[in-house]
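Some notes on the structure that comes next.
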Amino acid sequence: MSNTELVRNSPTVVRAVMDRLAPFVTQPAAMGALPTLRAATDPAVLGGQHYGPSGRGEVREHPRLVTSSPESYDLAVQQRLWAVSEDLTGVTSPV
């Protein structure tokens, strides 16, 4: 998780909890962007690889290759996500 302004308009109780937890479970927004940037720009990255924080619990630190959630390997879930994405965007892929 990245420490951004997304919680600002949340209910008071959520903001109060996040104010206390944020120092332990979040990282600066710039650090939070690094896994996406690495996956998009590192020429050594292969399709299907997942990058995330390298720190304990994979919640902070610099990006490294990590194991994605079990759901991400479920072919039926992948196909459903693709179909919903095409339907919502109106963009289809020839693949």
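For this chain, numbers begin at 1 and follow the sequence in order.
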Quiz prompt | Linked, directly or transitively: M31 and M1 (ILVMFWY side chains, under 4.5 Å) | solution = no

Quiz item: Which atoms form the tightest heavy-atom contact between L65 and Q49, and what is the distance?
Solution: CD1-CB, 3.5 Å

Practice problem: May I ask whether V13 and M18 are part of the same hydrophobic cluster, defined by side-chain heavy atoms of I, L, V, M, F, W, Y residues being less than 4.5 angstrom apart, directly or through others? | Solution: yes

Anything under 3.5 Å between a donor and an acceptor, one on a side chain of residues 88-95, the other on a protein residue two or more places apart or in another chain? List them.
from, atom 1, to, atom 2, distance (Å)
T89, OG1, S85, O, 2.8
T89, OG1, V91, N, 3.2
S93, OG, V95, N, 3.3

Exercise. Say whether V17 and V25 are linked into one hydrophobic cluster, either directly or through other cluster members, by side-chain heavy-atom distances under 4.5 angstrom.
Key: yes

Quiz item: Does V66 reach the side chain of R64, with side-chain heavy atoms less than 4.5 Å apart?
Solution: yes

Quiz prompt | CG on D74 to CD on Q79, rounded to 0.5 Å | solution = 9.0 Å

Self-check item: Crowding at NE2, H62 (>12 non-hydrogen neighbours, <6.0 Å)
Solution: no

Quiz item: Any side-chain donor-acceptor pair under 3.5 Å between W82 and Q78?
Solution: no

Self-check item: Transitive ILVMFWY side-chain link F24 to L6, under 4.5 Å
Solution: no

Quiz prompt | Euclidean distance, L34 CG relative to Y51 OH, rounded to 0.5 Å | solution = 13.0 Å

Quiz item: What closest approach, in Å, do A22 and T26 show between heavy atoms, and which atom pair accounts for it?
Solution: O-OG1, 2.5 Å

Quiz item: What's the shortest heavy-atom distance between P63 and R38, and which atoms?
Solution: O-NH1, 3.2 Å

Quiz item: Would one find more than 12 heavy atoms of other residues, nucleotides or ligands at under 6.0 Å from atom CZ of R15?
Solution: yes

Quiz item: Just by modelled atom types, is the L37 backbone N or O under 3.5 Å from a matching donor or acceptor in the T41 side chain?
Solution: yes

Practice problem: Of all the heavy-atom pairs spanning Q27 and G32, show the shortest one and how long it is. | Solution: NE2-CA, 3.4 Å

